[in-house]
Amino acid sequence: MQSVYLRNAWYLAAWANELKPGEPFARTLLDEPVMMYRTGDGTPVALEDRCCHRSLPLSLGKIEGDRIRCGYHGLLFDAAGKCVQVPGQSLVPPGSGVRRYPAVERWRAIWLWMGEAAAADPALIPNLYWLDHPQWGAGTGQMQIKCGYQLIVDNVLDLTHLSYVHPRTFGTLAIAESPARYERVGDQVRITRWILDSKPPGVMARNRAMDGNIDRRQLITFLPPSVVTIEGWFGPTVPNRDERAEPEGGFGICNINALTPVSATETLHLFAEAQSYAPRDDAATDKLFREVYDTFLEDIEVLQAQQRALLERPNRPMIDINADAGGLEARRIMARLTAADTQRTAA
Amino acid sequence: MQSVYLRNAWYLAAWANELKPGEPFARTLLDEPVMMYRTGDGTPVALEDRCCHRSLPLSLGKIEGDRIRCGYHGLLFDAAGKCVQVPGQSLVPPGSGVRRYPAVERWRAIWLWMGEAAAADPALIPNLYWLDHPQWGAGTGQMQIKCGYQLIVDNVLDLTHLSYVHPRTFGTLAIAESPARYERVGDQVRITRWILDSKPPGVMARNRAMDGNIDRRQLITFLPPSVVTIEGWFGPTVPNRDERAEPEGGFGICNINALTPVSATETLHLFAEAQSYAPRDDAATDKLFREVYDTFLEDIEVLQAQQRALLERPNRPMIDINADAGGLEARRIMARLTAADTQRTAA
Amino acid sequence: MQSVYLRNAWYLAAWANELKPGEPFARTLLDEPVMMYRTGDGTPVALEDRCCHRSLPLSLGKIEGDRIRCGYHGLLFDAAGKCVQVPGQSLVPPGSGVRRYPAVERWRAIWLWMGEAAAADPALIPNLYWLDHPQWGAGTGQMQIKCGYQLIVDNVLDLTHLSYVHPRTFGTLAIAESPARYERVGDQVRITRWILDSKPPGVMARNRAMDGNIDRRQLITFLPPSVVTIEGWFGPTVPNRDERAEPEGGFGICNINALTPVSATETLHLFAEAQSYAPRDDAATDKLFREVYDTFLEDIEVLQAQQRALLERPNRPMIDINADAGGLEARRIMARLTAADTQRTAA
């Protein structure tokens, strides 16, 4: 099954702490095997994970200073992907080398540009300030999920599923009954939902000892191609609340999702959970992150069953409901961006 | 690998005791995912196992009285497959729903009609009276086998294999040496074999303390599309026995097989074993059933190896032998019925 | 994925001790399922592993003297593959039978001819005298590897990989830096490399207590279609050694590899390791063999990763280096022989 991806874009490839000094690290992004490592000063490098000689993944090789040596016949490559040594001969065949992917470390994450290197502008990396801001404490993790990334984008853009998939953690029945409004902002989609004067979800009862009714806001942002942030606000109930105004008091959490395609039917879901109620309390951060992790384990079951059903019966019709509005807008944006990207690559 | 099935027919989908109150139950029949549940009064319901919204299997949802609620976004379906509620909106998109399959509980089994609902006539369900007749005690079970259902039909229609595959339970060498005669009765095939003045098989030595030589009759009936009953009679040796007359004395057992296609290369083999020598003695029924279960475990190895060989080398020629006569007749009947069924569906 | 094989050739199908009296033995060679057994006097027989009646592998049957009986319906086949009995009927359908493969036991191995039986000349079996020569002690073993056999041929024809894949056993960095020369001798390729005045590899330090610098010679012979012998010589350092002359003193080891294709992407690697320093000392033979076994476990990782990379990205270009010369010559020879063989089979 082939997929068309938006290639000229930054993808979150790994959390910074996954890329350890001296250890080659392999991941597949957009059907392309990539190997990453850190040079002597810690700079991240990303290369095609395949020796240009006999195709062994370079990630099975050894790092030598700023370079990587293939583990089969010992060819040596520099951080630009150029082959600089072939054991047993003095000349390196001209032009020998492997593809380099522009790599940037930002927001405690490694970002790769999967399109034309010349177009890689770090300013285009999404702003995920919660990850290293002193007023926030954030935990990170990842799961490999056997479904296309669009299904997970749909999932996080329509949080009515919290009511049915996650009743123990973030879901309450009131969510599905509370309407959301969405707006397109440039190539982004923003979805806002207020759940008013309503019981707090289990996760807040446990982590913040919330008891009586609260007001809650979900602010979801889709940043193409595949980052979704979910800012949650929890605070006191206010009669006749002005939903357009920023809420006061209370506290925020932020769930960050990078849904990096591995293939048409597999996705690396890198996620983080930040909280503002105790930013320096690692135990509080960790406790909240555990609940998020368990919550995504529930999603995996749903997402993989959905993907299997779609693969087995690809031509069955589907209906749309009101809650799909934001997700459908995101799909329209991606279709437009991907078509333009494909044309540009072809030209 | 695609398969053409006889769709306008009843298929045994589950034993009645597999379908428990309050628990959604999933099975794939004829390449179609089906979910079953019981309404409040116990009536079996069978629906397409796929929400019409985003394709999650409904079997991952929750039963609410007579209805099933999808486990993803909470759409609610009634027992006719009609969508009756979409959380968060007052209107249900007109025509929303999933396919319903006519379902009937009979002979301690759930039968589904996989073709046009209007043609589903319960009178066409095969008569398997042994399963709840006071003069018979019957145990039931099932196995999922990685081979096409036709291979299992072939298997049970040609019992000479008992001599080579099941020498410890039902087989004796005399079976393969005893000729069978077959006749077509409408769309059914009946195969009769007498094994005369011969050692009893191991299963009868153990369960009925048979010792000296006996007469034995196998009466096999193929009921399209995929039910096969094997009535066994064991009794005293009679010189010059009239093979056309019903035998007297002795006792009977009956092996019932429903070979419900899952896909072109996978079959749900639902089977039962009934005995008339101690109908109310559950321990006797269970002891005989265990032997049948072990016997079918031997068949699985053969059938799956045969299927693998056929898939790996599909174009190798095969020869037919005398013992294949009944099975070949069954295949001719099925080819005729399936062609007519496909034409009717297309029209 | 289909493959074109050189069919008119002898392939090593099993070590002789794998084929035990009374036990049918199954292997797939060149995409063809084969079953082997020994007749009453121990002669090896190889037949198509598929009954001509309903395709059950004959390897699931039972040996009766010089014959094999199918485990499904009892058809009996002689050592020429002819069906000689069908239970329950007096006549065997004329011409019934399965394909026989010419089989020869030589050099402690069973060799099968996979092409036209009439062309099977045992004189064409490669000379592997080390396996049963009194001046050599040899251990044998096998591994099934998920890669095409050509990748393993490449592997053993270019021993520079010892420096990077096997530094603990047979590799030293000096190997990759020592040039090899190759010559074509008829349809064979011979590759010679001297590693002079250099540290012994770990395996020799452990098995022969070698300590100071040594001279070492590798003499690799490719015998089409897929046997490769690696004769190793280890001895004292000699100044200005004449590399064309046979070395004196020291001792030899010989690594024998039969790379029998199972399919386009799977190979049965049958290998042996012989040593001449203590031919009657089974413990010494076994100790050396263990090291070879561990060494090939390292190769498996490399070879399977390489095959996966080639399957995932089949059209990526590859560069050749000096060390590939012998392997490329072997591929040219095989392309020529296979084309001639395919033409001859078609004619």
Side-chain angles (χ1 to χ4, degrees), chain A residues 1-3 24-35 47-64 67-77 81-99 114 261-266, chain C residues 147-148 150-168 171-182 191 193-195 218 298-328 331:
Chain A
M1 190 173 171
Q2 278 294 47
S3 200
F25 185 81
R27 282 242 154 106
T28 298
L29 283 81
L30 286 60
D31 286 321
E32 297 184 9
V34 178
M35 69 86 58
L47 303 177
E48 180 183 358
D49 194 13
R50 171 193 163 280
C51 181
C52 61
H53 171 226
R54 285 294 178 265
S55 290
L56 189 76
L58 287 179
S59 55
L60 297 178
K62 282 205 172 66
I63 299 166
E64 296 187 359
R67 297 160 164 183
I68 178 85
R69 188 181 291 282
C70 178
Y72 201 174
H73 302 96
L75 279 71
L76 187 67
F77 298 85
K82 192 184 166 203
C83 180
V84 294
Q85 190 190 109
V86 177
Q89 65 192 68
S90 47
L91 285 178
V92 173
S96 300
V98 299
R99 179 173 174 185
M114 300 300 291
V262 173
S263 70
T265 57
E266 194 149 10
Chain C
C147 75
Q150 301 96 330
L151 296 187
I152 318 183
V153 172
D154 291 344
N155 175 285
V156 287
L157 291 188
D158 175 9
L159 296 183
T160 65
H161 82 273
L162 269 56
S163 304
Y164 303 100
V165 183
H166 312 302
R168 291 183 302 112
T172 58
L173 272 179
I175 298 174
E177 300 300 337
S178 304
R181 63 185 166 79
Y182 84 93
I191 302 164
R193 171 183 284 110
W194 277 98
I195 305 112
Q218 296 167 332
E298 294 171 332
D299 281 312
I300 278 192
E301 272 197 75
V302 165
L303 291 162
Q304 297 191 158
Q306 185 192 14
Q307 180 68 75
R308 281 193 303 269
L310 290 169
L311 287 172
E312 279 165 19
R313 317 204 75 202
N315 300 319
R316 299 288 293 158
M318 293 195 293
I319 65 162
D320 296 326
I321 62 174
N322 292 356
D324 297 319
L328 292 171
R331 285 191 177 238

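Remember, it's a predicted structure, so these values are computed and weren't measured experimentally. Quick note: numbers below take in every heavy atom, side chains included, and nothing from hydrogens, waters or symmetry partners.
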| said: Heavy-atom pairs under 4.5 Å with chain A - which of C/Ser178, C/Pro317, C/Ala180, C/Ala323 has more of them than the others? | reply: C/Pro317
| task | Please lay out, stage by stage, how A/Lys82 and A/Arg67 fare under the test side chain to side chain contact (heavy atoms under 4.5 Å, CB included). | result | CA-CA 10 Å; A/Lys82 192 184 166 203; A/Arg67 297 160 164 183; over 6 Å; no
Mind listing the side-chain donor-acceptor pairs of residues 84-96 of chain A below 3.5 Å, one per line with the distance, residues two or more places apart or on another chain?
| unit_1 | atom_1 | unit_2 | atom_2 | d |
| --- | --- | --- | --- | --- |
| A/Gln85 | OE1 | A/Arg69 | NH1 | 3.1 |
| A/Gln85 | OE1 | A/Arg69 | NH2 | 3.4 |
| A/Gln89 | OE1 | C/Asn322 | N | 2.9 |
| A/Gln89 | NE2 | A/Leu91 | O | 3.0 |
| A/Ser96 | OG | A/Pro93 | O | 2.6 |

| request: Tell me, for A/Arg50 versus chain C, whether the close heavy atoms (under 4.5 Å) come from the side chain, the backbone, both or neither. | output: side chain
| task | Taking all non-hydrogen atoms of both residues into account, name the closest pair between C/Ile321 and C/Asp324 and its distance. | result | N-OD2, 2.7 Å
| Test applied, side-chain contact (heavy atoms from CB on, under 4.5 Å); reference residue, C/Leu310; option that passes from C/Gln306, C/Glu312, C/Arg313 | C/Gln306
| query | Quick one: of C/Asp320, C/Ile175, C/Asp299, who has the most non-hydrogen atom pairs under 4.5 Å with chain A? | reply | C/Asp320
| field | Proximal component of C/Leu303, with respect to chain A [non-hydrogen, under 4.5 Å] | value | side chain
| field | Structural part of C/Arg316 lying under 4.5 Å from a heavy atom of chain A | value | both
| request: Any chance you could measure C/Asp154, atom CG, to C/Gln150, atom CD, to the nearest 0.5 Å? | output: 8.0 Å
